[in-house]
**Q** 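Below you'll find the structure I mean.
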Amino acid sequence: MLFGTIVGSLADKQGRKRACITYCISYILSCITKHSPEYRILMIGRILGGIATSLLFSAFESWLVAEHNKRGFDPQWLSITFSKAIFLGNGLVAIVSGLFANLLAENLGFGPVAPFDAAACFLAIGMAIIMSSWSENYGDTSESKDLMAQFKVAAKAIASDEKIALLGAIQSLFEGSMYTFVFLWTPALSPNEEDIPHGFIFATFMLSSMLGSSIASRLLARKLKVEGYMQIVFSISAVTLVLPVVTNFLVPPSSVKGGSISFGGCLQLLGFCTFEACVGIFWPSIMKMRSQYIPEEARSTIMNFFRIPLNLFVCVVLYNVNAFPITVMFGMCSIFLFMAVILQRRLMVVSDLHKSSTKAQEMIGEDEPLNP
């Protein structure tokens, strides 16, 4: 939240390609620190990892959107690219990476740091591709604006445009619930230390996410209004995360330690897979909306602004994770997702009003030369 926001926001001024290269370097260095048993070195690695994560979630998308528009490609192609990125990257590659990491660490006996070494190698390959084949693009290229001025421009854009503010709130509510789910699904499925196949379940989640991204690509290809169908997606997500609360009341928990996954756990697992499918739909859809609503000159800065409340929320949740029952945490996430439904509805209304107003102004502009 602290370091990543600052460095990630420099992408608009210093160049998105340069920021992507910085991501590769930062994460390679973060991977190298895993070899040290020193807490200070590991902490530096986490700072580098935080910087890299902010760049990953802003600089690459900003570069893609700017380059896509600069080359005059069909705007609809962006939706296809986003869907394929989630399907192949967040889904298929994640599964293969997990299997490869397990092969290195367990089967070949290279130890727990080996996957980080492998990641550093792939990052170096990615950096070489970026340096050799990408062109540079920028946001605001004016000479006078420093970092603080960029933050002011981004804050002004969020404050003055309700659509951007709503989009940021929706993103924070959904991603905050998603990251909380990442930490809570294991204890939710094994409250009595049941022996659950974590790797298999994770792979199932990734397959569900791939299915979701495939559904999103079809929805976007049919040019359905993103603001419309995302209300349904958020509603389904809210229902799936309230399942642990419902099953806790309806299905009596087992008092036997160990054993296999319970009937209530199976119901929750089905709900969690549905939630992951919603996550798969969410990513390309939110990317599509960001490409529509966020101004080009401060794209990376605004996207990193969105991550500040998200990171704060996750920090607060993790710090208090043992203070409340899991059912309370899931109930809170479900409430946040219902709030996202309301905000998404508002975003659709505001967007439609803006489009109709713009269309009316264009019609007036076309009629003016005809008037005496």
**Q** Between atom OG of S208 and atom CG of L270, what is the distance when rounded to the nearest 0.5 Å?
**A**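 Reported value, rounded in 0.5 Å steps: 9.0 Å.
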**Q** Considering the options I342, L343, L337, which one meets the side-chain contact (heavy atoms from CB on, under 4.5 Å) requirement together with L173?
**A** L343
**Q** Considering only heavy atoms from C-beta outward, does the side chain of F306 approach that of I158 to under 4.5 Å?
**A**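 Yes, their side chains come closer than 4.5 Å.
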**Q** Are F200 and F205 an aromatic pair, judged by ring center distance below 6.0 Å?
**A** no
**Q** Can you list, pair by pair, the side-chain donor-acceptor contacts under 3.5 Å of residues 112-124, counting residues two or more places apart and other chains?
**A**
| unit_1 | atom_1 | unit_2 | atom_2 | d |
| --- | --- | --- | --- | --- |
| D117 | OD1 | H35 | NE2 | 2.7 |
| D117 | OD2 | H35 | NE2 | 3.2 |

**Q** Do T22 and R18 get their side chains close enough for a donor-acceptor pair, meaning under 3.5 Å?
**A**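 No, R18 and T22 have no side-chain donor paired with an acceptor closer than 3.5 Å.
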**Q** Parallel, tilted or perpendicular: which one describes the rings of F234 and F282, with boundaries at 30° and 60°?
**A**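 If you compare the ring of F234 with that of F282, the planes turn out tilted.
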**Q** Hey, is R307 close enough to E175 for a salt bridge, meaning N to O under 4.0 Å?
**A**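 So R307 pairs with E175 through a salt bridge.
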**Q** Do L56 and V279 share a hydrophobic cluster (ILVMFWY, side-chain heavy atoms under 4.5 Å, transitive)?
**A** yes
**Q** Does the R16 side chain pair with the main chain of E136, one donor and one acceptor, at a distance under 3.5 Å?
**A**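 Not at all, since once roles are kept as given, no pair shorter than 3.5 Å links the two residues.
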**Q** If the plane angle is over 60° it's perpendicular, under 30° parallel, otherwise tilted; pick one for F174 and F275.
**A**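 If you compare the ring of F174 with that of F275, the planes turn out parallel.
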**Q** Any side-chain heavy atom of F313 within less than 4.5 Å of one from I308?
**A**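 No, their side chains stay 4.5 Å or more apart.
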**Q** Would you compute the distance between atom OG of S177 and atom CE of M339 and round it to the nearest 0.5 angstrom?
**A**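 So the gap between those two atoms works out to 9.5 Å.
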**Q** If you link I, L, V, M, F, W and Y whenever their side-chain heavy atoms are under 4.5 Å apart, who else ends up in the same group as L42?
**A**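 Grouped by the 4.5 Å side-chain rule, L42 forms a cluster of one, so the answer is none.
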**Q** Among side-chain atoms of S351 and Y293, is any donor-acceptor pair under 3.5 angstrom?
**A** yes
**Q** Can you tell me if NZ on K70 sees more than 12 non-hydrogen neighbours from other groups inside 6.0 Å?
**A**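 Counting neighbours around NZ of K70, more than 12 heavy atoms of other residues, nucleotides or ligands fall under 6.0 Å, so yes.
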**Q** Apply salt bridge (Lys or Arg N to Asp or Glu O under 4.0 Å) to R222 and list each qualifying residue two or more places apart in sequence or on a separate chain.
**A**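 Once residues adjacent in sequence are excluded, R222 has no partner under the salt bridge (Lys or Arg N to Asp or Glu O under 4.0 Å) criterion.
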**Q** Give a yes or no on whether I28 and I25 share a hydrophobic cluster (residues Ile, Leu, Val, Met, Phe, Trp, Tyr; joining criterion: side-chain heavy atoms under 4.5 Å apart).
**A**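 Shared cluster, yes.
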